[in-house]
Amino acid sequence: MPLLEVSDLRTGYGAVPVLHGVNMAIEEGETAVLLGLNGAGKTTTLITIAGLLGKWGGEVVYDGQPVGGEDARTLVARGVVLVPEGRRVFPALSVQNNLRLGAWSHRRDHKLFKKNMARAFEIFPVLQERRGQMAGTLSGGEQQMLALGRGLMANPRLLLIDEASLGLSPKLTQQVFAAAKMINGEGVTVLMVEQNAGVLEIADRTYIMQKGRIEYEGTGEEILKQGELRKSYLGAPA
């Protein structure tokens with residue numbers, strides 16, 4: 001049974017439809033990627049799964065149970081954690097206090113808190129080095145690492161990562177992708193939304209989205225070999 005299964009998911013904003021029947025299934029332990037150009041509906045899919053946008057129709061099943069009517073806080077407690085686009089760190093708080101806020105849903109479990117803090121520092125050593133520094137003074141790449149580390153502090157079973165590479169240099173982008181793979185290696189199932197085709201190198205499963213629908217499903221390796229597919233749907237060189 002997949003950890004996450006999305007069936008005929010439809011939703012939008014106001015009276016404007018965005019998703020027109022999205023279907024996907026992600027097995028536990030996978031790194032899955034949802035690729036597509038701007039406006040394809042990728043972020044809408046992610047925030048609907050995370051409980052931040054109500055669905056108009058279809059079904060989202062997480063860990064064998066339908067998701068519906070639950071708010072995002074309840075889903076976080078169940079292990080569904082979103083790292084939003086744009087990092088959204090708290091600039092006037094220290095790195096360590098940003099991480100503490102990520103652990104809010106498990107704040108009474110001190111043993112788990114220490115374990116996840118150690119895990120975040122192991123994956124992102126720069127956060128340990130700068131734990132007393134104000135988050136607003138970090139570089140863009142460091143802020144993205146902080147956002148990922150804060151997501152880890154919520155003890156995710158399914159980590160949803162939205163456009164982690166946005167605004168980063170190619171070198172930092174590769175570091176962030178490598179960090180996502182390390183998180184997956186810790187036993188966390190990862191679903192990443194991306195425009196950058198470089199993420200295909202770490203993807204076990206890839207979905208390509210266009211105009212609110214999944215147009216292609218395959219492995220990252222399969223899509224890397226299909227230059228025309230990347231050109232048609234991602235605008236990437238063939």
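The shown structure was predicted, so the numbers you read here are calculated from the model rather than taken from an experiment.
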**Q** Is there a path of hydrophobic side-chain contacts, each under 4.5 Å between heavy atoms of I, L, V, M, F, W or Y residues, that connects Phe177 with Met182?
**A**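 Phe177 and Met182: one cluster.
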
**Q** Using the side-chain contact (heavy atoms from CB on, under 4.5 Å) rule, take Asn38 and Gln195 through it: C-alpha gap first, then chi angles, then the decisive distance, then the call.
**A** CA-CA 8 Å; Asn38 272 336; Gln195 292 185 60; 2.8 Å; yes

**Q** Is there a side-chain contact (heavy atoms from CB on, under 4.5 Å) between Val193 and Thr45 once you walk through the steps?
**A** CA-CA 9 Å; Val193 154; Thr45 301; over 6 Å; no

**Q** Salt-bridged, Asp63 to Arg78, with N to O below 4.0 Å?
**A**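 Looking at Asp63 and Arg78, the cut-off is not met.
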
**Q** Please determine whether a side-chain nitrogen of the Lys or Arg among Glu201 and Lys181 lies less than 4.0 Å from a carboxylate oxygen of the Asp or Glu.
**A**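 No, no charged N to carboxylate O under 4.0 Å.
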
**Q** To the nearest 0.5 Å, what is the distance between CG on Leu34 and CD1 on Ile49?
**A**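 The CD1 atom of Ile49 is 8.0 Å from CG of Leu34, to the nearest 0.5 Å.
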
**Q** How about Asp204 and Thr219: do any of their side-chain heavy atoms sit closer than 4.5 Å?
**A**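 No - every pair of side-chain heavy atoms lies 4.5 Å or more apart.
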
**Q** Indicate the atoms forming the closest heavy-atom contact of Ala72 with Leu52, along with that distance.
**A**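 For Ala72 versus Leu52, the nearest heavy atoms are CB-CD2, 3.6 Å.
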
**Q** Is there a donor-acceptor pair closer than 3.5 Å between any side-chain N or O of Arg205 and the backbone N or O of Ala25?
**A**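 Yes, Arg205 side chain to Ala25 backbone: donor-acceptor pair under 3.5 Å.
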
**Q** With a 6.0 Å cut-off (strictly less than), is the heavy-atom count around CD of Glu186, excluding the residue itself, greater than 12?
**A**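 Yes, enclosed.
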
**Q** Determine, step by step, whether Leu4 and Val60 satisfy the side-chain contact (heavy atoms from CB on, under 4.5 Å) criterion, reporting the C-alpha distance in whole Å, the side-chain angles of both residues, the deciding distance to 0.1 Å, and the verdict.
**A** CA-CA 7 Å; Leu4 176 71; Val60 176; 3.9 Å; yes

**Q** Is the shortest heavy-atom distance from the side chain of Val176 to the side chain of Leu148 under 4.5 Å?
**A**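 When only atoms from C-beta onward are counted, Leu148 and Val176 do touch, with a gap below 4.5 Å.
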
**Q** Would you kindly confirm whether Leu9 and Tyr13 end up in one hydrophobic cluster when ILVMFWY residues are joined by side chain heavy atoms under 4.5 Å apart?
**A**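 Yes, same cluster.
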
**Q** Considering only heavy atoms from C-beta outward, does the side chain of Arg213 approach that of Val22 to under 4.5 Å?
**A**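 With C-beta onward as the side chain, the pair stays apart.
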
**Q** If you take all heavy atoms of Gly41 and Val18, which pair is closest and at what distance?
**A**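 Heavy atoms only, the tightest pair is CA-CG1, 4.0 Å.
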
**Q** Say whether, by atom type as modelled, one donor and one acceptor occur between the side chain of Ser7 and the main chain of Gly58 under 3.5 angstrom.
**A**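 Flag not set: sc Ser7 to bb Gly58 has no pair under 3.5 Å.
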
**Q** So, Ser165 and Glu194: side-chain donor and acceptor under 3.5 Å apart, yes or no?
**A**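 Yes, side-chain donor-acceptor contact under 3.5 Å.
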
**Q** Shared ILVMFWY cluster between Leu159 and Leu166, side chains joined below 4.5 angstrom?
**A**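 No: no chain of side-chain contacts under 4.5 Å links Leu159 to Leu166.
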
**Q** Side chains of Tyr216 and Thr206 only: does a donor on one sit below 3.5 Å from an acceptor on the other?
**A**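 No.
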
**Q** Report yes if the side chains of Leu200 and Leu35 come closer than 4.5 Å at any heavy-atom pair, otherwise no.
**A**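 With C-beta onward as the side chain, the pair touches.
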
**Q** Would you find more than 12 non-hydrogen atoms of other residues, nucleotides or ligands less than 6.0 Å from Arg73 atom CZ?
**A**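 No, the 6.0 Å shell around CZ holds no more than 12 heavy atoms from other groups.
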
**Q** Can you name the nearest heavy-atom pair linking Gln144 to Glu163, along with the distance?
**A**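 Closest pair (atom of Gln144, atom of Glu163, distance): OE1-O, 4.4 Å.
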
**Q** May I ask you to test the Ser94-Gln133 pair for a side-chain heavy-atom distance under 4.5 Å?
**A**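 SC-SC contact between Ser94 and Gln133 ruled out.
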
**Q** Shared ILVMFWY cluster between Val61 and Val67, side chains joined below 4.5 angstrom?
**A**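 They do not share one cluster, since no chain of ILVMFWY contacts under 4.5 Å joins Val61 to Val67.
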
**Q** Is there a donor-acceptor contact under 3.5 Å from the side chain of Tyr207 to the main chain of Gly36?
**A**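 No: the side chain of Tyr207 does not pair with the backbone of Gly36.
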
**Q** Can Thr31 and Asn184 be counted as having a side-chain donor-acceptor contact under 3.5 angstrom?
**A**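 Yes, a side-chain donor-acceptor pair sits under 3.5 Å.
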
**Q** With side chains defined as the heavy atoms from C-beta onward, is the minimum distance between Pro2 and Ile26 less than 4.5 Å?
**A**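 No, too far: nothing below the 4.5 Å cut-off.
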
**Q** To the nearest 0.5 Å, what is the distance between NZ (Lys55) and CD (Glu59)?
**A**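 The NZ atom of Lys55 sits 7.0 Å away from the CD atom of Glu59.
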
**Q** Considering non-hydrogen atoms only, spot the tightest contact between Val81 and Gly151 and give its length.
**A**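 The answer is CG1-O, 3.7 Å.
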
**Q** Applying salt bridge (Lys or Arg N to Asp or Glu O under 4.0 Å) to Asp8 and Arg10, what does each step give before you reach the verdict?
**A** CA-CA 6 Å; Asp8 193 31; Arg10 288 167 281 117; 3.3 Å; yes

**Q** Starting at CG of Asn98, measure out to CE of Met153 and round the result to the nearest 0.5 Å.
**A**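 Interatomic distance, Asn98 CG to Met153 CE, rounded to 0.5 Å: 11.0 Å.
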
**Q** Does Glu30 reach the main-chain N or O of Glu27 with its side chain, forming a donor-acceptor pair under 3.5 Å?
**A**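 Answer holds: yes.
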
**Q** Which side-chain N or O atoms in residues 167-175 pair as donor and acceptor under 3.5 Å with protein atoms at least two apart or in another chain?
**A**
from: Ser169; atom 1: OG; to: Leu172; atom 2: N; distance (Å): 3.2
from: Thr173; atom 1: OG1; to: Ser169; atom 2: O; distance (Å): 2.9

**Q** Are Leu152 and Val126 connected in the hydrophobic side-chain network, where two residues link if heavy atoms are under 4.5 Å apart?
**A**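 Shared cluster, yes.
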
**Q** So, does Arg131 use its side chain to make a donor-acceptor pair with the main chain of Gln128 at under 3.5 Å?
**A**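 Checking the backbone N and O of Gln128 against the side chain of Arg131, a donor-acceptor pair under 3.5 Å is found.
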
**Q** OG1/Thr48 to CG/Leu53 distance, rounded to the nearest 0.5 angstrom?
**A**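 Answer for the OG1-CG pair, Thr48 versus Leu53, is 4.0 Å.
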
**Q** Please enumerate all residues that pass salt bridge (charged side-chain N to carboxylate O under 4.0 Å, His left out) together with Glu5, with sequence neighbours excluded.
**A**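 Partners of Glu5 by the salt bridge (charged side-chain N to carboxylate O under 4.0 Å, His left out) criterion come out as none, since no residue qualifies.
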
**Q** Can you see which heavy atom on Phe113 is nearest to which on Ala103, and at what distance?
**A**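 Heavy atoms of Phe113 and Ala103 come nearest at CD1-CB, 3.7 Å.
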
**Q** Drop me the distance from Leu37's CG to Met209's CE, to the nearest 0.5 angstrom.
**A**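 Separation between the atoms: 12.0 Å.
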
**Q** What distance do Glu85 atom CD and Lys42 atom NZ have between them, rounded to the nearest 0.5 Å?
**A**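 Going from the CD atom of Glu85 to the NZ atom of Lys42 covers 8.5 Å.
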
**Q** Any sub-3.5 Å donor-acceptor pair from Asn23's side-chain atoms to Gly21's backbone N or O?
**A**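 Yes; at least one donor-acceptor contact below 3.5 Å.
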
**Q** Enumerate, atom names and distances included, each donor-acceptor pair closer than 3.5 Å involving a side-chain atom of residues 115-123, sequence neighbours excluded.
**A**
from: Asn116; atom 1: OD1; to: Arg119; atom 2: NH2; distance (Å): 3.3
from: Asn116; atom 1: ND2; to: Asn155; atom 2: OD1; distance (Å): 3.4

**Q** Using a cut-off of 6.0 Å, state whether more than 12 heavy atoms not belonging to Trp104 lie near its atom CH2.
**A**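 No, the 6.0 Å shell around CH2 holds no more than 12 heavy atoms from other groups.
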
**Q** Between Ala180 and Met192, what is the shortest heavy-atom contact and its length?
**A**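 Closest heavy-atom pair between Ala180 and Met192: CB-SD, 3.8 Å.
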
**Q** Quick one, Val80 with Tyr62, criterion side-chain contact (heavy atoms from CB on, under 4.5 Å). Give me CA distance, side-chain angles, the key distance, then yes/no.
**A** CA-CA 9 Å; Val80 181; Tyr62 166 70; 3.7 Å; yes

**Q** With no hydrogens and no angle check, is any side-chain donor or acceptor of Thr189 less than 3.5 Å from a backbone partner on Leu158?
**A**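 Not a single qualifying donor-acceptor pair exists.
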
**Q** Distance-only, no hydrogens or angles: does the His106 side chain make a donor-acceptor pair with backbone N or O of Ala154 under 3.5 Å?
**A**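 Present.
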
